[in-house]
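A, B, ... follow the sequence lines: proteins, then strands. Residue 1 opens every chain.
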There are 2 protein chains.
Amino acid sequence: MTREFRSYESGRTYAGNEDRAAVRRPASIKDVASAAGVSPTTVSHVLSGNRPVNELTAARVRSVVNRLGYVPASLARSLQAGSTSVIGLMIPDISNTFFAELAKGAEDAAHDLGYGVILCNTEFDADREDRYLGMIRSRFIDGMVYASGSPPSRRRLEALMGKFPIALADEEVEGLEGALIATADHEAGGRLVGEHLRALGHRRALMLTGPRALKSGVDRANGFVRAFRGEVVERVGDFKEASGHRLVAALLQEGGLDCTAVFAANDLMAFGALTALREAGLSVPRDVSVVGFDDIRAASQIHPALTTVHQPAYDVGRTATAQLLQYVTRGEVPPASRHTLPVELKVRGSTAPPAR
Amino acid sequence: MTREFRSYESGRTYAGNEDRAAVRRPASIKDVASAAGVSPTTVSHVLSGNRPVNELTAARVRSVVNRLGYVPASLARSLQAGSTSVIGLMIPDISNTFFAELAKGAEDAAHDLGYGVILCNTEFDADREDRYLGMIRSRFIDGMVYASGSPPSRRRLEALMGKFPIALADEEVEGLEGALIATADHEAGGRLVGEHLRALGHRRALMLTGPRALKSGVDRANGFVRAFRGEVVERVGDFKEASGHRLVAALLQEGGLDCTAVFAANDLMAFGALTALREAGLSVPRDVSVVGFDDIRAASQIHPALTTVHQPAYDVGRTATAQLLQYVTRGEVPPASRHTLPVELKVRGSTAPPAR
DNA sequence: CTAGATATCCAAAACGTTTTGCACAACGCC
DNA sequence: GGCGTTGTGCAAAACGTTTTGGATATCTAG
């Protein structure tokens with residue numbers, strides 16, 4: 001097999017790879033063109049409909065396309081077009097249901113506009129994050145949805161944000177203004193909890209917060225304290241179940257909780273608190289009410305079901321992505337703009353009026 | 001339009017877009033070359049280390065690279081190289097923790113070899129799946145990890161499998177031989193459950209299966225039935241929580257469960273079953289034992305904690321991807337090969353000896 | 001019968017890299 | 001002084017598209 005691609009009129013041959021017949025080079029537009037006796041230009045026009053082509057010629061081209069199983073190389077197309085129709089989604093941990101939901105929203109929004117999503121799972125690893133940021137600098141992706149509040153990257157992010165399309169989701173990176181932001185209304189969530197507990201008659205509460213560095217956690221706490229208008233004892237945890245357990249157990253040992261309600265800044269810490277209370281022989285909600293934040297799946301399945309604030313993780317991902325793409329498709333770097341999405345208080349079995 | 005890029009020293013502007021100075025074309029290798037007074041070839045060699053370059057020249061080039069903030073366009077690089085260092089991961093639902101774990105394993109394995117992962121979330125939608133399969137045909141991705149057992153795609157998949165690197169994860173597509181496969185040992189999982197329930201003294205069990213079309217579900221059922229060696233009532237569900245609830249509730253209405261144990265083919269259906277049982281006033285595990293499959297996160301967080309079979313979702317994703325990449329990096333289409341990963345029975349609070 | 005419009009298709013440039021063959025000079029060796 | 005060797009860097013081809021300015025033939029109107 002000589003593998004000659006006799007160009008449509010001149011006797012020129014496109015030198016293929018005669019030697020190794022093993023790996024069959026996929027058909028290119030040139031192959032189609034010469035097989036159909038037209039120029040690559042015409043093939044392109046037939047396929048894109050970008051310019052009219054004689055119907056007879058077009059039919060011939062299409063038949064060759066089928067016969068050869070020709071599929072345009074998207075790489076070459078992207079190179080020419082200057083964009084790839086792919087964006088990145090940077091998150092710390094896809095196995096965390098919150099981020100998985102967020103990712104689903106992002107993927108849906110991207111799919112709607114024909115974009116693909118590259119999963120950038122960082123595990124809070126700065127090197128890993130850097131590698132993924134490199135994808136945007138090398139223009140392999142058209143934009144990035146950034147939902148990973150790992151502090152060390154702020155500097156780098158800042159430098160990129162003016163040059164490339166980037167949207168912040170869920171967590172606004174402290175001190176990073178002028179960006180596209182979609183986040184849940186953490187402050188309102190805290191407020192709802194405060195109002196709920198106050199309405200039930202509670203006047204003294206324990207609040208388990210997340211690390212001070214995360215703005216979302218601070219917002220939740222602020223909203224709560226303002227609305228509760230009672231005494232609030234604050235303890236700083238790390239959003240993990242163990243820390244909720246540890247903090248509550250410690251207080252119980254030191255001579256009693258001295259509170260009628262516990263508000264944990266996320267469901268996992270609330271679970272820890274529940275365990276500690278149960279271990280101490282206290283009953284929820286009879287002796288103590290407990291409220292969480294996030295509404296992860298287990299929250300509604302434990303007993304008693306956990307009163308918590310439902311975060312619109314899916315919507316956060318979807319909104320951030322849709323907003324980002326709105327600018328990406330127009331080749332613009334997005335302006336500063338904030339979207340705060342509503343949260344919802346789910347009242348379940350873990351809260352009740354304080355024992356009198 | 002002359003399209004000259006002499007901009008660096010002469011005051012000439014970029015012919016590309018004089019009109020909108022807003023969008024500055026990123027520096028190309030030509031820009032660097034002319035600014036450093038060398039050829040693009042030399043720049044390429046300095047950056048890749050592919051051929052030796054005089055240290056003085058190299059230093060000059062590097063300095064220009066920094067000054068201009070040059071980053072090679074990965075698209076052009078990929079076009080030339082003939083591969084993108086990106087693979088696809090096709091799954092039905094990323095918000096399902098099982099697939100999220102699997103995705104994490106895939107991402108980790110890919111990252112280890114410098115590959116990126118495009119998240120292809122199908123929601124069991126054939127069109128969506130087709131679009132993503134198009135990415136491999138258009139060679140935008142170098143390979144695909146396929147973990148979405150939606151039946152309609154089998155035909156298309158079959159056609160692709162000989163031509164492109166594809167690995168099956170978790171679910172082997174029925175009748176699709178000659179592929180790279182990584183899956184959990186579903187049959188052994190079913191067997192472990194059967195042995196466990198039999199050892200506790202159960203002799204009559206209700207088994208909630210998944211759709212018959214999925215081999216994994218069939219394997220689980222077969223393993224269970226063989227090991228349990230008692231009477232098994234079988235009901236077909238669809239792996240969703242609602243179906244577990246519906247099936248059990250229906251049986252209870254029709255005049256009693258008449259079984260001392262329920263084995264659901266996945267945790268979600270087990271959750272549904274638990275709810276139905278609780279609603280009927282039955283106590284788990286006192287009146288009925290319940291076992292699930294998958295060991296999703298919520299399984300250990302509900303009360304009573306669910307006895308279930310731990311699936312190595314992470315390992316399945318990681319193994320499938322690592323195997324796939326082994327061939328992708330060598331430019332080969334992978335041969336037939338199967339990796340069956342061990343499962344583990346997690347005995348928790350939802351199982352006990354039958355009431356006497 | 002002729003000028004302009006229309007239909008049809010092609011050549012060449014452009015996207016931004018990497019790779020390969022070659023040119024040229026300087027050097028060491030016999 | 002000739003010859004292989006090494007060091008250095010360039011030109012050109014190749015990857016596979018899309019886009020744009022024409023070129024040529026055919027048609028239409030006056």
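- With hydrogens and angles left out, the side chain of Arg60(B) and the base of dG9(D) share no donor-acceptor pair within 3.5 Å.
- Remark: Asn54(A) is in phosphate contact with dT8(C), judged by side-chain N or O atoms under 4.0 Å from OP1 or OP2.
- Atom CG of Asn121(B) sits about 10.0 Å away from atom NE2 of His111(A), to the nearest 0.5 Å.
- Note: CD (Glu55(A)) to C1' (dT8(C)) measures 13 Å, nearest angstrom.
- Map Pro40(B) and Tyr70(A) each onto its nearest nucleotide of DNA chain D; the residue landing nearer the 5' end is Pro40(B).
- For the pair Thr42(B) and dC10(D), the criterion of a side-chain N or O lying under 4.0 Å from OP1 or OP2 is met.
- Nearest-nucleotide mapping onto DNA chain D: of Pro52(B) and Gln80(A), the residue sitting toward the 5' end is Pro52(B).
- The nucleotide whose nearest atom lies closest to any side-chain atom of Val53(B) is, among dG9(D), dT18(D), dC10(C), dG9(D).
- Contact annotation for Thr57(A): backbone-only contact, meaning every heavy-atom pair under 4.0 Å involves sugar-phosphate atoms and none involves a base.
- Heavy-atom neighbours of Arg139(A) CZ from other residues, nucleotides or ligands within 6.0 Å: above the threshold of 12.
- Within 6.0 Å of CZ on Arg128(A) lie more than 12 heavy atoms contributed by other residues, nucleotides or ligands.
- Between the CE atom of Met161(A) and the CG atom of Leu180(A) there is a distance of 9.5 Å, given to the nearest 0.5 Å.
- Nucleotide dC15(D) holds its P atom 18 Å from the CG atom of Asp142(B), rounded to whole Å.
- With salt bridges taken as basic N to acidic carboxylate O contacts below 4.0 Å, none links Asp125(B) and Arg131(B).
- Of the two residues near DNA chain C, Ser44(B) and Thr41(A), the one whose nearest nucleotide lies more 5' is Thr41(A).
- As rounded to whole Å, 10 Å separates atom C1' of dC10(C) from atom NE2 of His45(A).
- Going from atom NZ of Lys30(B) over to atom C1' of dA12(D) covers 12 Å, rounded to whole Å.
- For Ala76(B), counting side-chain heavy atoms from C-beta on, the closest listed nucleotide (dG21(D), dT17(D), dT17(C)) is dT17(C).
- In this model, the phosphate group of dC10(D) is approached by a side-chain N or O of Ser39(B) to a distance below 4.0 Å at OP1 or OP2.
- The distance from atom CG of Leu75(B) to atom C1' of dA14(C) is 15 Å, rounded to the nearest whole Å.
- Atom-to-atom, CZ of Arg51(B) to P of dG7(D) comes out at 13 Å; the value is rounded to the nearest Å.
- Checking dT17(C), dC15(D), dT17(D) against the side-chain heavy atoms of Leu79(B) singles out dC15(D) as nearest.
- Regarding Asn50(B), its CG atom lies at a distance of 15 Å from the C1' atom of dT8(D), rounded to whole Å.
- With rounding to whole Å, Leu47(A) atom CG is found 15 Å from dC9(C) atom P.
- Residue side chain Arg77(B) does not reach the base of dG16(C) through any donor-acceptor N/O pair under 3.5 Å, judged by distance alone.
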